[in-house]
Visitor: 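Submitted below is the structure of interest, expressed as structure tokens.
Lettering follows sequence order; numbering is per chain, from 1.
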Amino acid sequence: MLTNAPRGTKDILPSDVYKWRYVEEKFMNICGRYNYKEIRTPTFEHTELFLRGVGETTDIVNKEMYTFEDKGGRSITLKPEGTAPVVRALIENNIYAQQQPSKFFYAIPAFRYEKPQSGRQREFHQFGVEAFGSGDSAIDAEVIALAVNFLGGLGIKGLKLHINSVGCPKCRNRYNQALREYLKPKLKDLCSDCKVRFEKNPMRVLDCKIDGAKLTDAPLMLDYLCDDCKAHFESLQEYLKVLGIDYVIDPKIVRGLDYYTKTAFEIVSSNKSSQGTVCGGGRYDGLVAECGGPDIPGMGFGLGIERLLNVMEANNVKIPAPPKLGLYIAPIGEKGKKNAQKMLYTLRNMGISAESDYLGRSIKAQMKYANKLDANYVIVIGDNEIQNNLAEVKRMSDGSTVSVTLDESGIKTIKDMIGGSTDDGSTR
RNA sequence: GUGGGUGUAGUUCAGUUGGCUAGAGCGCCAGGUUGUGGCCCUGGAGGUCGUGGGUUCGAGCCCCACUACCCACCCCA
């Protein structure tokens, strides 16, 4: 226990962190281009926000929330998704009173008490985007385009965009009624899961792996859309066509959160059998009002970062390696060490990434070490060098060396040689 | 919540029908000329064989329980 991370959580080690940084940066860049602004919300919220915002009939609320009572007796929940907190922030800070639309993006950890498996953890991470204040289907297309664009820009192939419309409360009720009537006589032959689905969310019955196949003549939501929803769905498709974004209509997309209206979409990976959904989202026109705000519409998505990284791995997408170490300073003896420490400090201040010995290794061991560290250059500083005020800087790639003095001008030479310092102080 | 699989050095794995000090590759450390890496060679450290019971003269190998991880279902990112 002591030495195990809690079930369903994972350390992200230095050997992987650069991949996270890479996709985070890409995501932030593209959000900037689409004029979405970053928002950061708390890691935990009042439980009632999710009860209301996610929906009391959902699996998330019913069995997956990390809920606890804090010392003040408040019921607190680690956020299981990103939309409800943003909606809360929108309302609390009166952002809806400013010019619209309000467009946000975020990168968050999310928590769901589930049994972990491939592509599913208890703490996972997602990118998200939310656009409030416009019911225009062009915003739906923009949000979808952002996701498609982002994933495409990473060089991932084999992703498919699935879209659907789940209607509005009016037409969905009409549809659910029709569907229940259709299912009712068949109910006794359906699996036990479907009997539950019949009550909770009959649309899911159509997607059942056991029963779905024998229900081919079931009524479809798309045939029950009201005029408004129908027009919205059609114009969304027109926009997608204008943008040249391929899609398939998938009437089975239901989405697990109660708040979705009209547009629902998923981006799924074809090379992954389960947990292939990398990104899922849709429109939620009733949510802000449901949470106690004004009646304004919204549209957004969540994109699983772990799943994204998995898909990238499967696609052999190459991620630029982190910068190499600029210089390794190998001291010999006590005087050498003092000199080395001083040089380290100076060069680091000049923006060079540098490392030295702290284990008293032999010179040979230090060279091996420098090689392991993948250092671009090595300089040895011992009694000889100090006495002569002259040292060799060795380029590890080809073994060539350059003599430098150990004074200020020598340091300057080293700096210029290694050059190319970046903001984080390392070199490429 | 349901079902399946796995658990041997840091790591990837071997360990024959249960039988003598539990092995290998990689990694790590140290040597192979006195102060210079990558290749090669040599040596070394490192394992309560997931945990606890049981069967047996004897268990890493068999049985039970627990636990952890992996995978699938449900559902979702």
Visitor: Using the P atom in both, what is the distance from B:G38 to B:A30, to the nearest Å?
Guide: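 Approximately 13 Å lies between the P atom of B:G38 and that of B:A30.
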Visitor: For a quick check, tell me whether the side chain of A:Glu266 and the base of B:A77 share a donor-acceptor pair closer than 3.5 Å.
Guide: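 There is none.
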Visitor: Of the listed nucleotides (B:G35, B:C70, B:C75), which one gets closest to any side-chain atom of A:Glu385?
Guide: B:G35
Visitor: Distance between the C1' atoms of B:C61 and B:U8, in whole angstroms?
Guide: 11 Å
Visitor: With respect to the side chain of A:Met367, which nucleotide from B:A72, B:C70, B:U36 is positioned closest?
Guide: B:U36
Visitor: Pick base, sugar-phosphate or nothing for A:Thr401, based on heavy-atom distances below 4.0 Å to the nucleic acid.
Guide: nothing
Visitor: Roughly, in whole Å, what's the span from CD1 in A:Ile253 to P in B:C75?
Guide: 15 Å
Visitor: Rounded to whole angstrom, note down the C1' distance from B:C64 over to B:U55.
Guide: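 Result for the C1' pair: 11 Å, nearest Å.
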Visitor: What's the closest nucleotide to the A:Arg307 side chain, out of B:G35, B:A77, B:G37?
Guide: B:A77
Visitor: Taking the same atom, P, in B:C40 and in B:U21, what whole-Å distance lies between them?
Guide: 35 Å
Visitor: Where the side chain of A:Gln126 is defined as all heavy atoms beyond and including C-beta, which of B:A77, B:U36, B:C29 is the nearest nucleotide?
Guide: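 From the listed options, B:A77 comes nearest.
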Visitor: Determine the interatomic distance between P on B:A24 and the same-named atom on B:G31; round to the nearest Å.
Guide: 23 Å
Visitor: How about A:Tyr377 and A:Tyr328: are their ring centroids closer than 6.0 Å?
Guide: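 No, the ring of A:Tyr377 stays outside the 6.0 Å limit from the ring of A:Tyr328, centre to centre.
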Visitor: Indicate, with a heavy-atom threshold strictly under 4.0 Å, whether A:Glu392 touches base, sugar-phosphate, or nothing.
Guide: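 Counting heavy atoms under 4.0 Å across all strands, no contact is made by A:Glu392.
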Visitor: Quick one: A:Glu114 CD to B:A77 C1', roughly how many Å, whole number?
Guide: 9 Å
Visitor: So which nucleotide from B:G35, B:C75, B:G37 ends up closest to the side chain of A:Ile363?
Guide: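 Looking only at heavy atoms from C-beta outward on A:Ile363, the closest nucleotide is B:G35.
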Visitor: Measuring from the side chain of A:Thr277 (C-beta onward, heavy atoms only), which nucleotide among B:C71, B:C76, B:C75 has the closest atom?
Guide: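 Taking heavy atoms from C-beta onward, the closest nucleotide is B:C76.
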Visitor: Do other residues, nucleotides or ligands put more than 12 heavy atoms under 6.0 Å from A:Tyr66 OH?
Guide: yes
Visitor: Can any side-chain N or O of A:Asp11 pair as donor or acceptor with the backbone N or O of A:Leu13 at less than 3.5 Å?
Guide: no
Visitor: Of the nucleotides B:C75, B:G35, B:G1, which has the atom closest to the A:Arg204 side chain?
Guide: B:C75
Visitor: Would you say the base of B:A77 and the side-chain of A:Arg112 have a donor-acceptor pair closer than 3.5 Å?
Guide: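 Looking at the base of B:A77, it does pair with a donor or acceptor on the side chain of A:Arg112 (distance under 3.5 Å).
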Visitor: Of all the choices, B:G32, B:A30, B:C70, which nucleotide is nearest to the side chain of A:Lys364 once you look at every atom?
Guide: B:G32
Visitor: Using whole Å, report how far CE of A:Met203 lies from P of B:C76.
Guide: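 One finds 12 Å between P of B:C76 and CE of A:Met203, rounded.
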Visitor: Is there a side-chain polar atom (N or O) of A:Lys372 under 4.0 Å from OP1 or OP2 of B:C28?
Guide: yes
Visitor: On a plain distance test, is the side chain of A:Lys394 in donor-acceptor contact with the base of B:G37 below 3.5 Å?
Guide: yes
Visitor: Less than 3.5 Å between a donor and an acceptor, one on the side chain of A:Asn371 and one on the base of B:G38, is that the case here?
Guide: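 In this structure, the two groups form no donor-acceptor pair.
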Visitor: Once the angle between the rings of A:Phe27 and A:Phe127 is folded into 0 to 90°, is it parallel (under 30°), tilted (30 to 60°) or perpendicular (over 60°)?
Guide: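 The arrangement is parallel - the two ring planes meet at less than 30°.
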Visitor: Ion pair present between A:Glu130 and A:Lys103, side-chain N to carboxylate O less than 4.0 angstrom?
Guide: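 Salt bridge flag = no for A:Lys103 with A:Glu130.
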Visitor: Quick one: do A:Arg40 and A:Glu38 make a salt bridge, cutoff under 4.0 Å?
Guide: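 Yes, this pair counts.
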Visitor: To the nearest angstrom, how far is A:Asp398 atom CG from B:U36 atom P?
Guide: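 These atoms are roughly 19 Å apart.
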Visitor: Whole angstroms only, please: what is the CG-P distance between A:Asn310 and B:C71?
Guide: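 Answer to the nearest Å: 9 Å.
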Visitor: Using a 4.5 Å cut-off on heavy atoms from C-beta on, say whether the side chain of A:Tyr284 contacts that of A:Phe132.
Guide: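 Side-chain contact under 4.5 Å: yes.
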Visitor: Would you say the side chain of A:Asp383 and the base of B:G35 hold a donor-acceptor pair, judged only by whether the two atoms sit under 3.5 Å apart?
Guide: no
Visitor: Have a look at A:Gly399 and say if it touches a base, only the backbone sugar-phosphate, or nothing, with a 4.0 Å heavy-atom cut-off.
Guide: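 Counting heavy atoms under 4.0 Å across all strands, the contact made by A:Gly399 includes a base.
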Visitor: To the nearest Å, give me how far apart CG (A:Asn388) and C1' (B:G35) are.
Guide: 13 Å
Visitor: Could you state the CG-P distance from A:Asp59 to B:C76, rounded to the nearest angstrom?
Guide: 6 Å
Visitor: Salt bridge or not between A:Asp383 and A:Lys335? Use side-chain N to carboxylate O under 4.0 Å.
Guide: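 A:Lys335 and A:Asp383: not salt-bridged.
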Visitor: Given pairs defined as Watson-Crick or G-U wobble with both distances under 3.5 Å, what dot-bracket annotation applies to RNA chain B, with ( ) intrastrand, [ ] crossing, | other strand and . unpaired?
Guide: (((((((..((((.....[...)))).(((((.......))))).....(((((..]....))))))))))))....
Visitor: Taking only side-chain nitrogens and oxygens of A:Arg361, does any of them come within less than 4.0 Å of OP1 or OP2 of B:C29?
Guide: yes
Visitor: Are B:G37 and A:Tyr369 stacked, with the base six-membered ring and the side-chain ring centres under 5.5 Å apart and planes under 30°?
Guide: no
Visitor: Using the C1' atom on both, measure B:C49 against B:A68 and round to a whole Å.
Guide: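 These two C1' atoms come out 16 Å apart once rounded.
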Visitor: Looking at A:Lys115 and B:U2, is any side-chain donor or acceptor paired with a base atom of the opposite kind under 3.5 Å?
Guide: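 Per atom types, the contact qualifies.
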Visitor: Starting at the 5' end of RNA chain B, which residue's closest nucleotide do you reach first, A:Val378 or A:Ser362?
Guide: A:Ser362
Visitor: In whole angstrom, give me the gap between the P atoms of B:U12 and B:C69.
Guide: 15 Å
Visitor: On a whole-Å scale, what distance lies between the C1' atoms belonging to B:G46 and B:U11?
Guide: 12 Å
Visitor: For A:Leu308 and B:C76, give me the distance from atom CG to atom C1', rounded to whole Å.
Guide: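 Nearest whole value for this atom pair: 16 Å.
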Visitor: Does a salt bridge link A:Glu81 with A:Arg112, judged by any charged N lying under 4.0 Å from a carboxylate O?
Guide: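 So A:Glu81 does not pair with A:Arg112 through a salt bridge.
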Visitor: Check this for me, if you would: do A:Glu355 and A:Arg348 make a salt bridge, where the nitrogen-to-carboxylate-oxygen distance has to be below 4.0 angstrom?
Guide: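 Looking at A:Arg348 together with A:Glu355, the answer is yes, because their closest N to O distance falls below 4.0 Å.
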Visitor: Would you say that more than 12 heavy atoms from the other residues, nucleotides or ligands in this model lie under 6.0 Å from the OH of A:Tyr113, or not?
Guide: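 Not buried by this count: 12 neighbours or fewer within 6.0 Å.
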Visitor: So, OP1 or OP2 of B:C71: does either fall under 4.0 Å of a side-chain N or O from A:Gln117?
Guide: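 Checking B:C71 against A:Gln117, no side-chain N or O comes under 4.0 Å of OP1 or OP2.
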